[in-house]
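Some notes on the structure that comes next.
Since we're looking at a predicted model, the values are computed, not measured.
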Amino acid sequence: MSKPVHVKVIVEGQTEEAFVNRVLAPYLQVRQIFMQPILLSKKGQKGGDVKFERLKTDVHLYLCQSNVAAVTSLIDYYGLKEWPKKDEVPMNASPKQIADLLNNAAKELICQQYDNLNPTHRYLPFMVVHEFETLLFSDSAILADGLGIGKQRVDDILSEAYGEPERINNSRETAPSKRIEGLKYNYDKVSDGFAIAQAIGIDKMREACPLFNDWLTSIERLQEEA
């Protein structure tokens, strides 16, 4: 039997917390990977304004726990105001370019400051390009059904992004969440977002979102190394 692997995932809001608890954690649990979300946002504070310094404090806290195999994070690029090398993101950068630059910058700083805690192998940052709602575009039929609209309206948005959810961009008018709010005026990030994510399932998200798949692959690799 595989050895249990415990992973702390730092999330920025209640939507991501519910997603990890109810969708992602059960998916990984069958692989003997036990993921626990840690809410970064302070009580009464909305997500979307993550400060790396606050994240860094939490990363250090959980890296210090010997029973934790790894610490990861689930942070949205949309709305991000302060992050190592954020100002160096090129214009028209691809999702992979954005994620690689910001994840590597975060990891480099964590490794420099907490080298004694083996962050090279134990810290696995993940920047969602562009936000949690990206994952909901992994299945246009399920998303449309969850919003009570025609599938073609979702397909039209995906066509603009070359069929890739992670390419739906991050302006105030065109970010994934803004697109969904335009399709359903009373969209609720937590209740609607969770229900749609649960209906889609992790496997479809992995197929449609390469960055998301790479992140989960790195977490699954922990089990192989346990």
Side-chain angles (χ1 to χ4, degrees), residues 2 4-13 15-37 69-78 94-104 107 121 123-147 151 154-155 157-170 175-177 179-180 189 192-226:
S2 300
V5 171
H6 296 274
V7 178
K8 303 287 188 182
V9 54
I10 300 168
V11 300
E12 67 173 275
T15 306
E16 293 82 6
E17 182 182 38
F19 172 66
V20 172
N21 270 330
R22 305 180 189 180
V23 184
L24 188 53
Y27 175 87
L28 292 171
Q29 186 171 331
V30 300
R31 296 159 174 77
Q32 288 294 293
I33 298 172
F34 297 90
M35 178 175 276
Q36 179 187 3
V71 179
T72 186
S73 50
L74 183 62
I75 304 298
D76 292 352
Y77 179 60
Y78 174 63
S94 70
K96 179 171 173 52
Q97 287 174 317
I98 295 170
D100 284 351
L101 179 64
L102 300 185
N103 288 336
N104 290 340
K107 184 149 189 169
H121 298 289
Y123 175 51
L124 307 172
F126 176 54
M127 184 67 64
V128 187
V129 183
H130 288 91
E131 57 182 335
F132 165 77
E133 276 78 8
T134 294
L135 303 174
L136 305 186
F137 283 87
S138 297
D139 189 304
S140 58
I142 292 176
L143 176 55
D145 183 64
L147 298 176
K151 178 177 177 292
V154 178
D155 287 338
I157 293 172
L158 280 167
S159 292
E160 295 175 18
Y162 306 99
E164 299 178 30
E166 289 171 332
R167 286 187 178 272
I168 299 174
N169 67 32
N170 73 327
S177 62
R179 300 279 195 157
I180 292 176
K189 285 177 67 75
D192 291 335
F194 159 65
I196 294 168
Q198 190 173 47
I200 292 173
I202 297 299
D203 287 330
K204 286 184 179 179
M205 292 177 183
R206 297 185 75 162
E207 291 174 9
C209 302
L211 298 178
F212 180 69
N213 178 63
D214 289 347
W215 176 54
L216 291 188
T217 298
S218 69
I219 291 173
E220 291 168 337
R221 196 172 293 126
L222 295 169
Q223 182 57 259
E224 300 171 8
E225 300 169 353

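- Contact detail for Ala208 and Pro210: the closest heavy-atom pair is O-CD, 3.5 Å.
- With rounding to the nearest 0.5 Å, the separation of CD in Gln223 from CG in Leu28 is 10.5 Å.
- Evaluation of the side-chain hydrogen bond (donor to acceptor under 3.5 Å, both in side chains) rule for Asp100 yields Lys96 as partners, not counting sequence neighbours.
- Here the side chains of Val129 and Arg167 are not in contact, with every heavy-atom distance at 4.5 Å or above.
- Looking at Leu135 and Phe212, their side chains come closer than 4.5 Å, going by heavy atoms from C-beta outward.
- Under the side-chain hydrogen bond (donor to acceptor under 3.5 Å, both in side chains) criterion, Tyr123 pairs with no residue at all, not counting sequence neighbours.
- Formation of a donor-acceptor pair under 3.5 Å by the Glu160 side chain with backbone atoms of Ile157 is not found in this model.
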For this session: I would like to know whether Val11 and Ser73 meet side chain to side chain contact (heavy atoms under 4.5 Å, CB included); could you show each step before the answer?
Result: CA-CA 6 Å; Val11 300; Ser73 50; over 6 Å; no

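- Atom CE of Met127 sits about 5.0 Å away from atom CG of Leu102, to the nearest 0.5 Å.
- Put simply, the side chain of Leu124 reaches to within 4.5 Å of the side chain of Ile219, judged on heavy atoms.
- A search for ring pair (Phe, Tyr, Trp, His ring centres under 6.0 Å) contacts involving Phe126 returns Trp215, not counting sequence neighbours.
- Interatomic distance, OG of Ser159 versus CD of Glu164, reported as 12.0 Å (0.5 Å rounding).
- Residues meeting the side-chain hydrogen bond (donor to acceptor under 3.5 Å, both in side chains) test with Lys107, sequence neighbours left out: none.
- The nearest pair of heavy atoms linking Ala144 to Lys151 is CB-CA, 3.6 Å.
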Problem set entry | Stepwise salt bridge (Lys or Arg N to Asp or Glu O under 4.0 Å) check, Glu17 with Arg22 | CA-CA 9 Å; Glu17 182 182 38; Arg22 305 180 189 180; over 6 Å; no

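- Contacts of Phe137 classified as ring pair (Phe, Tyr, Trp, His ring centres under 6.0 Å), with partners at least two apart in sequence or in another chain: none.
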Exercise. Hey, mind stepping through Thr72 and Ile10 against side chain to side chain contact (heavy atoms under 4.5 Å, CB included) and telling me if it holds?
Worked result: CA-CA 6 Å; Thr72 186; Ile10 300 168; over 6 Å; no

For this session: Start with the C-alpha gap between Leu143 and Ile180, add the side-chain angles, then the distance that decides, and say whether side chain to side chain contact (heavy atoms under 4.5 Å, CB included) holds.
Result: CA-CA 9 Å; Leu143 176 55; Ile180 292 176; 4.3 Å; yes

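- A donor and an acceptor atom, one from each side chain of Asp203 and Tyr27, are located under 3.5 Å apart.
- Screening Val20, Leu74, Leu24, Val7 for a side-chain contact (heavy atoms from CB on, under 4.5 Å) with Pro37, the sole residue that qualifies is Val20.
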For this session: Show the numbers, then the answer: is there a side chain to side chain contact (heavy atoms under 4.5 Å, CB included) between Glu131 and Asn170?
Result: CA-CA 8 Å; Glu131 57 182 335; Asn170 73 327; over 6 Å; no

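- Counting all heavy atoms, side chain and backbone alike, Ala18 lies closest to Phe194 at O-CD1, 4.4 Å.
- Within the 4.5 Å cutoff, no side-chain heavy atoms of Tyr77 are placed close to those of Val128.
- Two residues are said to be in side-chain contact when any heavy atoms from C-beta on lie closer than 4.5 Å; Gln32 and His6 fail this criterion.
- Using a 4.5 Å cut-off on side-chain heavy atoms (C-beta onward), Glu16 and Asp76 make contact.
- In this structure, Glu220 pairs ionically with Arg206, as a charged nitrogen and a carboxylate oxygen lie closer than 4.0 Å.
- For Phe19 and Phe132, the ring centers sit closer than 6.0 Å to each other.
- Residues Asp155 and Ser140 come closest through the heavy atom pair OD1-OG, 2.8 Å.
- Between Thr134 and Ile168 the shortest side-chain heavy-atom distance does not fall below 4.5 Å.
- What you find for Asp139 and Ile142 is that their closest heavy atoms are OD1-N, 2.9 Å.
- Every residue two or more places apart in sequence or in another chain was checked for a side-chain hydrogen bond (donor to acceptor under 3.5 Å, both in side chains) with Asp145, and none qualifies.
- Ion pair Glu224/Arg31 not flagged as a salt bridge, since none of the NZ, NE, NH1 or NH2 atoms sits closer than 4.0 Å to an Asp/Glu carboxylate oxygen.
- Residues Lys189 and Glu133 have side chains in contact (heavy-atom distance under 4.5 Å, counting atoms from C-beta outward).
- A pairwise comparison of heavy atoms in Cys209 and Glu166 identifies CB-OE2, 3.2 Å as the closest pair.
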